[in-house]
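The chain is numbered in sequence order, starting from 1. Because the structure is a prediction, the values reported are computed rather than measured.
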Amino acid sequence: MKIVFIGPPGAGKGTQAEQMIQRYSLAHLSTGDMLRAARDAQTEVGKKAEQYMSAGELVPDDIITAIIADRLTEPDCEKGYLLDGFPRTIGQAEALDKMLADKGTPLSVVLELRVPEDELFRRLAGRGRADDTPDVIRQRLVAYRQQTEPLLDYYGKAALLKSVEGLGTVEEIFKRITTLLDAVD
Ligand code: ADP
């Protein structure tokens with residue numbers, strides 16, 4: 001299965017992603033994790049990305065698309081993967097479509113985790129990551145609304161989109177996700 005996982009910051013994607021990769025034996029491709037690792041290792045890409053991440057802005061498409069193109073060539077992706085945090089813009093989605101068309105390996109499904117904005121703010125403010133200050137949180141929510149939400153329409157038109165409510169216990173939400181994914185071939 002090749003899954004794109006979409007949801008606003010604070011939706012609980014990371015928690016659900018961990019369980020999904022176990023159950024469906026998927027490679028976990030989290031661009032947030034990759035960028036934080038690059039930043040901590042102080043690579044050229046990491047240093048450039050940090051300027052955007054610390055402001056709650058998206059890293060430019062060309063940087064992130066190159067990282068994913070590279071990652072998708074690794075052998076563990078052949079068993080299927082969960083793209084977590086990518087694509088986040090229409091430009092990234094088009095770049096991904098092109099990569100996958102070239103490989104002849106289309107996406108299986110795009111899964112949206114839906115959570116109301118007031119709940120997101122509450123969760124993020126309680127998390128305490130370095131990029132979780134109120135101003136940065138607000139900026140990340142704005143970036144999601146303006147740049148990532150248009151993907152729902154994009155993948156809806158491609159008949160790939162499935163949405164799950166992200167309120168409830170972790171177990172309840174996971175059950176909703178598996179019910180949907182078990183029906184995808
Ligand atoms: P969250 O979902 O909590 O905002 P992530 O861990 O997915 O956080 O990403 C952290 C930061 O990394 C983002 O705010 C953004 O700056 C950058 N980032 C991650 N993925 C992408 C992407 N696909 N395109 C651009 N920037 C990205």
Side-chain angles (χ1 to χ4, degrees), residues 2-18 20-21 26-103 105 107 110-113 115 117 120-152 154-155:
K2 297 171 203 65
I3 306 173
V4 165
F5 199 17
I6 298 185
K13 271 192 298 131
T15 307
Q16 296 298 331
E18 286 308 324
M20 289 158 71
I21 58 167
L26 305 168
H28 187 190
L29 278 53
S30 159
T31 44
D33 287 351
M34 291 178 205
L35 290 172
R36 280 186 287 275
R39 178 195 62 194
D40 294 348
Q42 290 281 299
T43 64
E44 282 312 307
V45 164
K47 283 189 242 174
K48 211 180 288 171
E50 166 64 7
Q51 301 165 16
Y52 298 92
M53 294 167 74
S54 60
E57 291 168 13
L58 295 185
V59 171
D61 283 355
D62 55 337
I63 295 183
I64 199 79
T65 301
I67 293 176
I68 286 291
D70 236 40
R71 182 67 183 85
L72 284 174
T73 65
E74 287 178 35
D76 65 327
C77 290
E78 282 165 25
K79 65 183 181 185
Y81 51 78
L82 180 66
L83 278 167
D84 174 2
F86 179 92
R88 249 180 165 93
T89 66
I90 294 284
Q92 292 176 19
E94 288 171 348
L96 177 64
D97 276 352
K98 177 146 190 350
M99 282 178 230
L100 299 184
D102 290 348
K103 288 179 193 284
T105 57
L107 290 172
V110 174
L111 190 67
E112 178 206 5
L113 193 56
V115 175
E117 196 150 312
L120 295 173
F121 202 85
R122 202 165 37 237
R123 292 186 190 177
L124 290 166
R127 194 164 72 173
R129 207 168 71 190
D131 58 347
D132 281 345
T133 63
D135 279 351
V136 176
I137 292 172
R138 251 187 298 276
Q139 183 50 45
R140 284 177 24 233
L141 292 171
V142 167
Y144 182 78
R145 224 179 302 130
Q146 295 183 342
Q147 294 174 271
T148 307
E149 262 183 5
L151 293 182
L152 302 177
Y154 180 91
Y155 286 123

Self-check item: Nearest non-hydrogen partners of Ala55 and Val136, listed with the distance
Solution: C-CG1, 4.2 Å
Practice problem: For residues Leu120 and Pro9, report the shortest heavy-atom separation together with the two atoms involved. | Solution: CD2-O, 3.4 Å
Quiz item: Which residues pass the side-chain contact (heavy atoms from CB on, under 4.5 Å) test with Lys98, sequence neighbours left out?
Solution: Asp102
Self-check item: Any residue meeting side-chain contact (heavy atoms from CB on, under 4.5 Å) with Thr105, in chain and number order, not counting sequence neighbours
Solution: Lys2, Leu100, Lys103
Practice problem: Output all residues satisfying salt bridge (Lys or Arg N to Asp or Glu O under 4.0 Å) with Glu78, sequence neighbours left out; order by chain, then residue number. | Solution: none
Practice problem: Could you list the residues that satisfy salt bridge (Lys or Arg N to Asp or Glu O under 4.0 Å) with Asp40, not counting sequence neighbours? | Solution: none
Quiz item: Just how far is it from atom CG of Asp70 to atom OG1 of Thr65, taken to the nearest 0.5 Å?
Solution: 12.0 Å
Quiz prompt | Partner set under side-chain contact (heavy atoms from CB on, under 4.5 Å) for Thr43, not counting sequence neighbours | solution = Ala38, Ala41, Val45
Self-check item: Lys/Arg N to Asp/Glu carboxylate O, Glu50 vs Lys47, below 4.0 Å
Solution: no
Quiz item: Asp62: what forms a side chain to side chain donor-acceptor pair (under 3.5 Å) with it, not counting sequence neighbours?
Solution: none
Quiz prompt | Nearest atoms (heavy-atom pairs only) where Gln92 meets Val59 | solution = NE2-O, 4.3 Å
Practice problem: Walk me through it: do Tyr52 and Ile64 pass the test side-chain contact (heavy atoms from CB on, under 4.5 Å)? | Solution: CA-CA 12 Å; Tyr52 298 92; Ile64 199 79; over 6 Å; no
Practice problem: With the side chain counted from C-beta on, respond yes when Leu107 and Leu96 share a heavy-atom pair under 4.5 Å apart, and no when they do not. | Solution: yes
Quiz item: Which heavy atom of Asp84 sits nearest a heavy atom of Ala17, and at what distance?
Solution: OD2-CB, 3.7 Å
Self-check item: Partners meeting side-chain contact (heavy atoms from CB on, under 4.5 Å) with Gln51 (sequence neighbours left out)
Solution: none
Quiz item: Could you walk me through whether Leu151 and Glu112 pass the side-chain contact (heavy atoms from CB on, under 4.5 Å) check?
Solution: CA-CA 10 Å; Leu151 293 182; Glu112 178 206 5; over 6 Å; no
Self-check item: From Arg88 atom CZ to Gln147 atom CD, the distance as rounded to the nearest 0.5 Å
Solution: 10.0 Å
Quiz item: Which heavy atom in Pro8 sits nearest to a heavy atom in Leu113, and how many Å separate them?
Solution: CD-O, 3.5 Å
Practice problem: Report the residues that fulfil side chain to side chain donor-acceptor pair (under 3.5 Å) with Arg123, sequence neighbours left out, ordered by chain and then residue number. | Solution: Glu119
Practice problem: State which residues pass side chain to side chain donor-acceptor pair (under 3.5 Å) with Arg140; sequence neighbours excluded, sorted by chain then number. | Solution: Asp132
Quiz prompt | Arg71 versus Cys77, closest heavy-atom pair with distance | solution = O-SG, 3.4 Å
Quiz prompt | Under the salt bridge (Lys or Arg N to Asp or Glu O under 4.0 Å) test, residues paired with Asp135 that sit two or more places apart | solution = Arg138
Quiz item: Is there any salt bridge (Lys or Arg N to Asp or Glu O under 4.0 Å) pair reaching into residues 28-38, and which pairs are they, with sequence neighbours excluded?
Solution: Asp33-Arg36
Exercise. Show your working on side-chain contact (heavy atoms from CB on, under 4.5 Å) between Gln16 and Phe5 and close with a plain yes or no.
Key: CA-CA 10 Å; Gln16 296 298 331; Phe5 199 17; 4.0 Å; yes
Practice problem: Could you go through the side-chain contact (heavy atoms from CB on, under 4.5 Å) check for Ile6 and Tyr144 one step at a time? | Solution: CA-CA 10 Å; Ile6 298 185; Tyr144 182 78; 3.5 Å; yes
Quiz item: Taking atom CE of Met20 and atom CD1 of Ile3, what is their separation to the nearest 0.5 Å?
Solution: 4.5 Å
Quiz item: Would you say Leu29 and Phe86 make side-chain contact, with heavy atoms under 4.5 Å?
Solution: no
Practice problem: Under the salt bridge (Lys or Arg N to Asp or Glu O under 4.0 Å) rule, collect the residues that match up with Asp61, sequence neighbours excluded. | Solution: none
Quiz item: With a 4.5 Å limit on heavy-atom distance, are the side chains of Glu18 and His28 in contact?
Solution: yes
